[in-house]
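Below: the structure, in structure tokens.
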Number of protein chains: 2
Amino acid sequence: AIPSLKNSTAPSTPAPTPAPPPPASPYKSSELPMVYLNKGQFYPITLQGVDSSACLTATKVKTVVMAVFENDKSPEMQLRFWNHWHARQPTVKQRVIDIADYKEVFSGISNIEEVAFNALSFVWNPSEEAKVYIGINSLSTDFSSQKGVKGLPLNLQIDTYDFSSGTNQLIHRAACQIKIFCDKGAERKMRDEERKRSKRRGKNSNDSLVSSSMGSDCTFFQTLDDHVTQPVLFIPETHLSSLQRMRFSFSRSSMKRLYPDRDQNSSPPSKQARKEDPQRVLLYVRTGAEEVFDALMLSTPTLSGLQEAISEKYGMQKDTIGKIYKKCKRGIFVNMDDNIIEHYTNQSAFLIEMSEVVSGQIQVTLVEV
Amino acid sequence: AIPSLKNSTAPSTPAPTPAPPPPASPYKSSELPMVYLNKGQFYPITLQGVDSSACLTATKVKTVVMAVFENDKSPEMQLRFWNHWHARQPTVKQRVIDIADYKEVFSGISNIEEVAFNALSFVWNPSEEAKVYIGINSLSTDFSSQKGVKGLPLNLQIDTYDFSSGTNQLIHRAACQIKIFCDKGAERKMRDEERKRSKRRGKNSNDSLVSSSMGSDCTFFQTLDDHVTQPVLFIPETHLSSLQRMRFSFSRSSMKRLYPDRDQNSSPPSKQARKEDPQRVLLYVRTGAEEVFDALMLSTPTLSGLQEAISEKYGMQKDTIGKIYKKCKRGIFVNMDDNIIEHYTNQSAFLIEMSEVVSGQIQVTLVEV
DNA sequence: TTGGAAACCGGTTTTCAC
DNA sequence: GTGAAAACCGGTTTCCAA
């Protein structure tokens with residue numbers, strides 16, 4: 001029996017909760033059911049519509065399956081985690097979440113789209129059961145290079161939108177917690193927990209041996225009433241241009257979350273102030289008149305180091321260099337600062353533009369290419 | 001009782017070995033005694049000269065204490081390990097090996113020098129006992145970012161040179177293996193080993209309980225007969241310029257094995273030694289017509305050195321080589337310069353394209369493969 | 001030969017005695 | 001509270017039976 005997690009979309013009427021919950025409060029991840037998975041392994045998720053008023057009218061719905069962090073983590077932190085993971089993958093194409101694309105396992109779904117690296121969507125008819133096979137390609141321990149520590153759980157969140165009406169309204173949201181292990185680590189984790197549980201039972205002489213005879217082979221997602229919190233989608237910067245060409249159906253609000261300002265630093269999450277990877281920084285620049293790039297190796301990965309390298313390469317006094325801007329592929333201008341230089345410019349290629357805005361002061365713009 | 005490792009320099013006459021060992025064969029690290037240490041903790045090493053003929057004549061000796069990898073690892077690999085470690089340190093100043101600089105613990109030594117990041121030296125009189133406190137700042141697990149794997153042992157090697165005569169000859173070499181742990185990991189490792197040993201004893205019903213009552217508090221370094229193998233010293237590239245100013249004596253040693261020269265005499269540590277040997281750069285090139293790569297060894301890791309190597313390999317006058325470009329995998333062209341050559345081409349493979357753009361001027365393009 | 005379970009490994013966290 | 005020991009954690013390796 002393959003460990004399977006099945007999801008029952010809209011298992012009952014929209015208001016089964018006994019007491020009215022605070023409507024806008026983000027849900028607590030810790031209250032969600034937890035499932036252990038193995039990295040890269042496909043698990044079936046079953047979707048079925050039920051007697052919800054919204055579902056009755058909808059003949060077509062769009063469901064988005066996402067792997068996101070526990071929602072007590074800020075978007076900035078979530079993106080930092082994803083970037084940490086992405087930078088260590090064997091290929092830049094590696095996605096967080098995959099759907100098995102074997103023809104025989106498609107069941108009642110269509111229009112599969114890779115919305116983000118950690119999200120994919122498809123369309124189905126809630127009057128018929130649908131089944132998809134989902135795999136996760138990140139380990140829960142991949143978000144930190146620290147050794148010997150607990151992995152980070154993710155939320156597997158499933159949002160469903162009314163796709164038959166023109167409104168495209170979010171009509172259902174459900175989630176569960178997942179922890180992703182190496183090899184057959186999920187099975188070992190369950191074994192170890194069972195072992196510990198039985199040891200504790202033996203000590204307590206509590207013979208409730210019928211209660212947990214076996215972990216159920218099927219986990220139900222928990223329906224969420226919080227339809228407000230926006231999930232944080234992850235798209236690596238290297239893929240931005242291709243994605244800009246894609247039309248995808250999400251609102252500005254989620255777009256905003258994708259690209260927070262990175263220059264304002266947030267406090268490191270771990271008390272351990274170990275620097276990430278203080279590597280050498282090398283960048284390639286060319287003027288508009290040239291066709292070939294020059295290499296700038298920075299003595300230090302700082303604004304000052306960049307000024308020094310530019311002044312040396314182009315034979316200027318260092319102090320004649322005024323402000324340095326970075327023009328991103330997206331078109332926006334950013335004040336160059338130490339963090340961008342250290343973390344986001346190594347091995348990048350730029351067009352360099354210099355103009356004397358004030359007498360004796362050269363303004364430099366590095367245009368990302 | 002602080003776990004201490006004490007070293008007895010030259011514990012007997014120079015030829016205590018029963019059978020003549022192969023003189024030039026590198027010693028086996030696996031046969032050296034193993035000691036467990038905690039990172040950043042100081043351990044005493046005691047040095048004492050004995051009735052060796054060489055020692056009798058020497059009133060001053062220079063001893064070099066080094067942390068090096070097991071000598072089955074190539075110099076390239078050793079430097080890669082050290083760079084991996086160094087790039088992840090909180091500060092670029094962090095050294096591998098430190099000596100306690102409290103005045104009160106100095107005992108009979110003088111002229112302390114930080115020969116390399118993983119080596120330091122001092123002078124002492126072998127007719128009196130000397131004692132130094134040594135600490136190691138790298139974990140055995142720091143040389144890989146893989147989780148859950150065994151750490152790499154290091155060799156703590158102690159070379160002693162005759163410093164009273166003018167010859168500065170290597171008169172004694174000793175080493176032991178060390179494994180460096182976090183926090184109190186060394187003690188735990190010893191506990192675990194003792195536990196496992198006692199469990200195995202219980203199973204074998206072999207009651208030799210007197211044999212290993214306690215791990216001895218003092219470990220003797222093993223004297224080595226291999227006085228030929230050169231230890232690999234580590235100096236980060238970011239420190240080269242400042243070190244050049246210091247007129248360093250040992251830096252050439254790491255390259256000794258790679259490019260053996262006729263200068264076979266074991267060069268003693270002299271303050272006014274030869275010129276600094278920069279990092280050697282080797283790259284592989286082939287023309288479109290060939291199927292096999294040629295190796296270009298650069299005399300200096302500079303544009304000029306590259307021109308020289310190309311001209312020699314392809315039988316041209318050096319001054320006929322004009323501009324050299326590098327075409328990156330991404331497709332962009334870069335003006336080749338010293339920094340790229342020194343830091344980003346070693347062991348890389350290229351297609352080489354040459355074309356005579358101007359009469360008597362060959363333009364070279366190295367296409368990254 | 002393989003695949004499933006247990007052991008290994010060592011950084012980290014928790015526990016516990018003083 | 002403090003220091004030592006044990007437990008936790010999960011990637012990795014070894015072991016062992018079918």
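Labels below follow one simple rule: chain letters A, B, ... track the order of the sequence lines, proteins then strands, and each chain is numbered from 1.
Residue A:Arg191 places no side-chain N or O under 4.0 Å from the OP1 or OP2 atom of C:dG4.
Residues satisfying the side chain to side chain contact (heavy atoms under 4.5 Å, CB included) test with A:Thr300, not counting sequence neighbours, are A:Thr302. Annotation: side chain to side chain contact (heavy atoms under 4.5 Å, CB included) contacts of A:Ser144 (sequence neighbours excluded): A:Gln146. With sequence neighbours excluded, the residues satisfying side chain to side chain contact (heavy atoms under 4.5 Å, CB included) with B:Asp98 are B:Phe42, B:Arg95, B:Asn137. The salt bridge (charged side-chain N to carboxylate O under 4.0 Å, His left out) check on A:Asp142 picks up nothing, with sequence neighbours excluded. Annotation: side chain to side chain contact (heavy atoms under 4.5 Å, CB included) contacts of A:Lys189 (sequence neighbours excluded): A:Tyr36, A:Phe181, A:Glu193.
One can place NZ of A:Lys196 at 18 Å from P of D:dA6, the figure rounded to the nearest angstrom. To the nearest angstrom, C1' of D:dC8 lies 17 Å from CZ of A:Arg197. Nucleotide D:dC9 holds its P atom 14 Å from the CG atom of A:Leu152, rounded to whole Å. Across the protein-nucleic acid pair, A:Arg195 atom CZ and C:dA7 atom C1' stand 11 Å apart, rounded to whole Å. Atom CD in B:Glu193 sits roughly 15 Å away from atom P in D:dA6 (whole-Å rounding). Regarding A:Asn38, its CG atom lies at a distance of 11 Å from the P atom of C:dG4, rounded to whole Å. Rounded to whole angstrom, the span from the CE atom of B:Met190 across to the C1' atom of C:dC9 amounts to 17 Å.
Exactly one of A:Trp82, A:Phe117, A:Phe81 qualifies for a side-chain contact (heavy atoms from CB on, under 4.5 Å) with A:Ser138. That residue is A:Trp82.
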Per-nt protein contacts along nucleotides 10-18 of chain D (heavy atom under 4.0 Å; B base, S backbone sugar-phosphate only, - none) come out as BBB------
